[in-house]
> 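Got a structure for you, questions after.
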Amino acid sequence: MYKLPRGMHDFSSENINKRNYIINIIKKNFEYFGFEPIETPAIENLSTLTKKYGEEGEKLIFKILNSGDFIKDNKSLFKENNYKNIISTISNKGLRYDLTIPFVRYVVMHKHKIIFPFKRYQIQPVWRADKPQKGRFREFYQCDADVIGSKYLWQEIELIQLYDEIFTQLNIPILILINHKEIITGLLEICNIDNNYWNNILIALDKWYKIGLEGVKKELLQKGIPNNIIKYIEPFFLFKGTFKEKIEFFSKKLNSSNKVTNGIKDIKFVYNKLQEIGLNNTLELQLNLVRGLNYYTGIVFEVMPKNKNYSIGGGGRYDNLTHIFGLKNISGVGISFGLDRICILMQELKLFKNIIKYYPKILFINFGNSEAIYAYKLIKILRSKNISAELYPKPIKIIKQLKYANKKSIPFIISIGKKEIERNKISIKNMILGKENEYDNIETLIANIN
RNA sequence: GUGGGCGUAGCUCAGUAGGUUAGAGCAUCAGAUUGUGGUUCUGAAAGUCGCCGGUUCGAAUCCGGUCGUCCACCCCA
């Protein structure tokens, strides 16, 4: 039998309808918030894709083989046994890995005609050659909204409102976690922790909600972080309290660091303004929220469904991303929605109940060629009035045709046979109530079924 | 990239001390005197037991490999 390549999935129309429902709400709000759509190609040059991702990321990029007979021209190539050289000779293109890098590339390429700050959104699939597991596929959609060219915190405030609004409309109660990169790095500086340890510490912290405090401590010890340092930083991550109490605690204990002070100032600003504007969901300061080791530079956020411990969205500010593409001093901030996980979650929460199936509303029974012509004249009128209608393609037994309607949950059946044509009536059956009605013309029928 | 579970009909699964012709339910298709559904009844079709190789007189069953899948780890811009 046929198999799909690893990590690839077909989507049924039911899936698509559900996904479109979510996408429509996201898109609508993106646009209400002033973001404009762009699309970029699935394939980018490897030189573009590998600008930021580093060693680990590069392994996860799907590479596309160059066309032509590259063996003929590089006879000695495979004898070298150097994987990197071989790859760079036989492949210079790859599938995009995320939407941010192509976006930054887009901004740099089109900067002459872009009005800054540039607010764009992008909803497209990305591909990663990762080993698939729960909620992780090799092809999946990202929904990103980014602002580039403004470093003011009002952008952060707006993006949090965007999260708040969209998840409210999707009926998903969430927790919006927020943190600032400089609070953590400042803390690490105060502890005099060797730079070489930073990555390991950040990675361990990022797993907090997954493996818990003990897990994080264990991993830190394993990575060679001295126990006294763990003891020192522990209270900051354990501190329980309201948003305000946390801010006070951190700024009092860590005021020796400019970075921390700066980070707290930003967080405070965002928090206070949002309090005044008002949010439907809870905003929480969470020091162990890390996200993107060398990517984000300022405020970072993450969205978790209430009472679940996984993320369905995240983002943050990145100051140096355009820099690597040669565009200096341009700050960006963005958020992303995990479409597939949101879909799985909504299924779990049974939030798809009210989504209309896109099956035709009316099925015409096929009685034969001459009756079908008569039917099609009515179908044309119905379709022009935005009522979906179809004719059963074969003049087979009526029982069969009705069974088909049943299976597809088509609510109405119109039978135009010799009887009806002779009497100049239209007979429509409501499949839910089991009742049949007759109308003199299609206009009164339309008026009555709505 | 590392480790583990799983792979039998379209779907959910039975089926091992290795032994004739591999089963069930649901779904599908056909019929129950030809213009009205969901029920019921009868019947049919459907599988190279993921694939390749090995052990054996004989393999769905044991062994090796491979592909797919699920889970955990690594990582997640």
Side-chain angles (χ1 to χ4, degrees), chain A residues 1-10 12 48-61 83 96-104 126-138 140 142 144 146 181 199-200 202-204 206-207 210-211 215 219 222-223 290-297 300 302 310-311 314-318 320-321 324 332 334-336 338 341 363-368 371 392 395-423 427-437:
Chain A
M1 253 328 205
Y2 293 106
K3 273 178 187 165
L4 284 167
R6 171 182 293 192
M8 298 294 155
H9 296 274
D10 285 328
S12 66
T48 305
L49 292 174
T50 53
K51 269 238 155 72
K52 188 60 192 168
Y53 300 139
E55 285 275 319
E56 190 58 41
E58 243 171 271
K59 278 194 284 186
L60 300 180
I61 293 173
Y83 175 78
R96 70 167 161 251
Y97 183 88
D98 70 1
L99 297 179
T100 311
I101 290 296
F103 167 52
V104 173
V126 302
W127 295 269
R128 295 183 187 184
D130 214 351
K131 213 169 177 179
Q133 52 179 287
K134 195 174 192 176
R136 295 177 70 172
F137 313 118
R138 295 187 126 185
F140 58 96
Q142 285 195 334
D144 282 20
D146 287 79
K181 218 48 188 285
N199 267 8
N200 284 334
L202 296 178
I203 287 168
D206 202 34
K207 292 182 196 164
K210 215 168 157 188
I211 59 179
E219 185 159 333
Q222 267 175 12
K223 293 278 157 69
V290 181
R291 289 194 66 81
L293 305 179
N294 38 26
Y295 202 73
Y296 295 117
T297 50
V300 289
E302 185 138 335
Y310 56 84
S311 155
R317 179 165 291 274
Y318 43 91
N320 305 319
L321 213 48
I324 57 167
I335 56 171
S336 182
R341 283 192 181 175
L363 179 76
F364 279 71
I365 299 291
N366 193 329
F367 283 94
E371 290 92 337
Y392 194 86
I396 55 168
K397 281 190 192 173
I398 292 181
I399 294 181
K400 301 266 170 198
Q401 301 193 40
L402 288 173
K403 278 186 176 170
Y404 169 85
N406 249 341
K407 275 185 220 152
K408 289 188 74 173
S409 318
I410 296 170
F412 293 105
I413 297 287
I414 291 184
S415 311
I416 301 289
K418 286 203 176 64
K419 281 196 233 162
E420 287 79 10
I421 295 175
E422 274 167 22
R423 292 171 46 231
S427 137
I428 182 163
K429 179 164 183 168
N430 183 324
M431 293 294 276
I432 297 152
L433 304 173
K435 277 186 191 163
E436 201 154 359
N437 283 323

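So that the names make sense, note that chain A is the first sequence line, chain B the second, and so on, each numbered from 1.
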> Closer to the 5' end of RNA chain B via nearest nucleotide, is it A:Pro5 or A:Leu321?
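Result of the comparison: A:Pro5.
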
> Decide whether A:Asn320 and A:Tyr296 meet the rule of one side-chain donor and one side-chain acceptor closer than 3.5 Å.
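No, no side-chain donor-acceptor pair sits under 3.5 Å.
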
> State whether A:Arg136 and A:Asp130 are salt-bridged, where the test is any N-O pair (Lys NZ or Arg NE/NH1/NH2 against Asp/Glu carboxylate O) under 4.0 Å.
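Salt bridge present between A:Arg136 and A:Asp130.
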
> If you check every side-chain atom of A:Ser415, which of B:rG35, B:rC76, B:rG31 has the closest atom?
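Shortest atom-to-atom distance from the side chain points to B:rG35.
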
> Using a cut-off of 4.0 Å on non-hydrogen atoms, how would the nucleic acid contact of A:Gln142 be classed: base, sugar-phosphate, or nothing?
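Nothing, no nucleic acid heavy atom in range.
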
> Just checking, is any N or O donor in the side chain of A:Tyr404 or A:Lys400 under 3.5 Å from an acceptor N or O on the other one?
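No donor-acceptor contact under 3.5 Å links the two side chains.
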
> Taking the P atom of each, how far is B:rG7 from B:rA14, in whole Å?
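So the two P atoms sit 8 Å from each other.
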
> Test for a donor-acceptor pair under 3.5 Å between the base of B:rC75 and the side chain of A:Arg136, counting only N and O atoms.
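Looking at the base of B:rC75, it does pair with a donor or acceptor on the side chain of A:Arg136 (distance under 3.5 Å).
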
> How close or far is atom P of B:rC75 from atom CG of A:Asn200, stated in whole angstroms?
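Going from A:Asn200 (CG) to B:rC75 (P), I get 8 Å.
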
> In whole angstrom, what separates A:Lys429's NZ from B:rG38's C1'?
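These atoms are roughly 10 Å apart.
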
> Of all heavy-atom pairs between A:Gly368 and A:Pro395, which one has the smallest distance, and what is that distance?
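So the two residues come closest at N-CB, 3.8 Å.
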
> Using every non-hydrogen atom in the two residues, find where A:Glu436 and A:Ser427 come nearest and quote the distance to one decimal.
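Scanning both residues completely, I find the closest heavy atoms to be OE2-OG, 2.8 Å.
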
> Counting only side-chain nitrogens and oxygens, does A:Lys407 get under 4.0 Å of the OP1 or OP2 atom of B:rG37?
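For A:Lys407, the contact criterion (side-chain N or O under 4.0 Å from OP1 or OP2 of B:rG37) is not met.
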
> Could you go over nucleotides 1-6 of chain B and give all protein N or O partners under 3.5 Å, atom names and distances?
| residue | atom | partner | partner atom | Å |
| --- | --- | --- | --- | --- |
| B:rU2 | O4 | A:Lys131 | NZ | 3.0 |

> Mind calculating the distance between CD1 (A:Ile365) and P (B:rG37) to the nearest angstrom?
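Result: 11 Å.
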
> Using the P atom in both, what is the distance from B:rG54 to B:rA30, to the nearest Å?
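Going atom to atom, P in each nucleotide, I get 45 Å.
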
> Could one point to a donor on the side chain of A:Glu436 or the base of B:rG35 with an acceptor on the other under 3.5 Å away?
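Counting by modelled atom types and ignoring angles, no donor-acceptor contact under 3.5 Å is found here.
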
> Fill in the dot-bracket string of RNA chain B, one character per base: . for unpaired, | for a pair to another strand, ( ) or [ ] for pairs within the strand, taking Watson-Crick or G-U pairs under 3.5 Å.
(((((((..((((.....[...)))).(((((.......))))).....(((((..]....))))))))))))....

> When the C1' atoms of B:rG58 and B:rG1 are considered, how many whole Å apart are they?
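Nearest-Å result for B:rG58 against B:rG1 at atom C1': 41 Å.
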
> Is any side-chain N or O of A:Lys207 closer than 4.0 Å to OP1 or OP2 of B:rC76?
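It does not, given that no N or O in the side chain of A:Lys207 lies less than 4.0 Å from OP1 or OP2 of B:rC76.
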
> Determine the Euclidean distance between corresponding P atoms of B:rU33 and B:rG37; express it in Å to zero decimal places.
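Those two atoms are separated by 12 Å.
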
> Both A:Lys418 and A:His9 contact RNA chain B. Taking the nearest nucleotide for each, which residue is further toward the 5' end?
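Going by which nucleotide is closer to the 5' end, it is A:Lys418.
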
> Rounded to the Å, how far apart are A:Gln222 CD and B:rC73 C1'?
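Value for this atom pair: 12 Å.
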
> Please measure how far the C1' atom in B:rG4 lies from the corresponding atom in B:rC74, and state the result in whole Å.
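The same atom, C1', in both gives a distance of 15 Å.
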
> Measure from the side-chain heavy atoms of A:Ile398 and tell me the nearest of B:rG35, B:rC70, B:rG37.
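Closest nucleotide among those given: B:rG35.
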
> Using the P atoms only, state how far B:rU16 lies from B:rC62, rounded to an integer number of Å.
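Pairwise P distance, B:rC62 against B:rU16, rounds to 10 Å.
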
> Between A:Gln142 and A:Ser336, is the side-chain hydrogen bond (donor to acceptor under 3.5 Å, both in side chains) condition met? List the steps.
CA-CA 7 Å; A:Gln142 285 195 334; A:Ser336 182; 4.8 Å; no

> Should A:Ile413 and A:Ile428 count as side-chain neighbours, where that means a heavy-atom distance under 4.5 Å?
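SC-SC contact between A:Ile413 and A:Ile428 ruled out.
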
> Could you work out the separation of B:rC71 and B:rC26 based on their C1' atoms and round it to a whole Å?
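Approximately 28 Å lies between the C1' atom of B:rC71 and that of B:rC26.
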
> Rounded to the nearest Å, what distance is computed from the CG atom of residue A:Asn199 to the P atom of nucleotide B:rC75?
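Checked: the CG to P distance equals 10 Å.
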
> Counting the atoms with a prime plus P, OP1 and OP2 as sugar-phosphate, which does A:Lys419 contact under 4.0 Å by heavy atoms, base, sugar-phosphate, or nothing?
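Base contact - A:Lys419 has a heavy atom under 4.0 Å of at least one base atom.
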
> For atom C1', what is the distance between B:rG50 and B:rC70, given to the nearest Å?
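Those two atoms are separated by 16 Å.
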
> What is the distance, rounded to the nearest whole Å, between atom NZ of A:Lys403 and atom C1' of B:rU28?
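So the two atoms are 12 Å apart, to the nearest Å.
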
> Does this structure show an ion pair linking A:Glu219 with A:Lys223, if we count only N-O contacts that are shorter than 4.0 Å?
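A:Lys223 and A:Glu219: salt-bridged.
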
> For A:Glu219 and B:rC74, give me the distance from atom CD to atom C1', rounded to whole Å.
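Whole-Å distance recorded here is 10 Å.
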
> Show the nearest heavy-atom pair for residues A:Phe364 and A:Gln401, with the distance to one decimal.
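Smallest heavy-atom distance, with atoms named: O-OE1, 4.2 Å.
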
> For a quick check of understanding: with a heavy-atom distance under 4.0 Å over all strands, which category does A:Gly7 fall into, base, sugar-phosphate or nothing?
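Contact class for A:Gly7: sugar-phosphate only.
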
> To the nearest angstrom, how far is A:Ile428 atom CD1 from B:rG37 atom C1'?
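Result: 15 Å.
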
> With heavy-atom distances below 4.5 Å as the criterion, would you say the side chains of A:Val290 and A:Ile203 are in contact?
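No; the side chains remain at least 4.5 Å from each other.
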
> Flag the pair A:Arg341 / A:Phe140 as yes when at least one side-chain heavy-atom distance between them is below 4.5 Å, and no otherwise.
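Sidechains of A:Phe140 and A:Arg341: no contact.
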
> When you measure only distances, ignoring hydrogens and angles, does the side chain of A:Lys397 come within 3.5 Å of the base of B:rG35 through a donor and an acceptor?
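Answer no: no donor N or O sits under 3.5 Å from an acceptor.
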
> Go through the structure and list residues passing ring-ring contact (aromatic ring centres under 6.0 Å, His included) with A:Phe412, not counting sequence neighbours.
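For A:Phe412, no residue satisfies ring-ring contact (aromatic ring centres under 6.0 Å, His included) once neighbours in sequence are set aside.
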
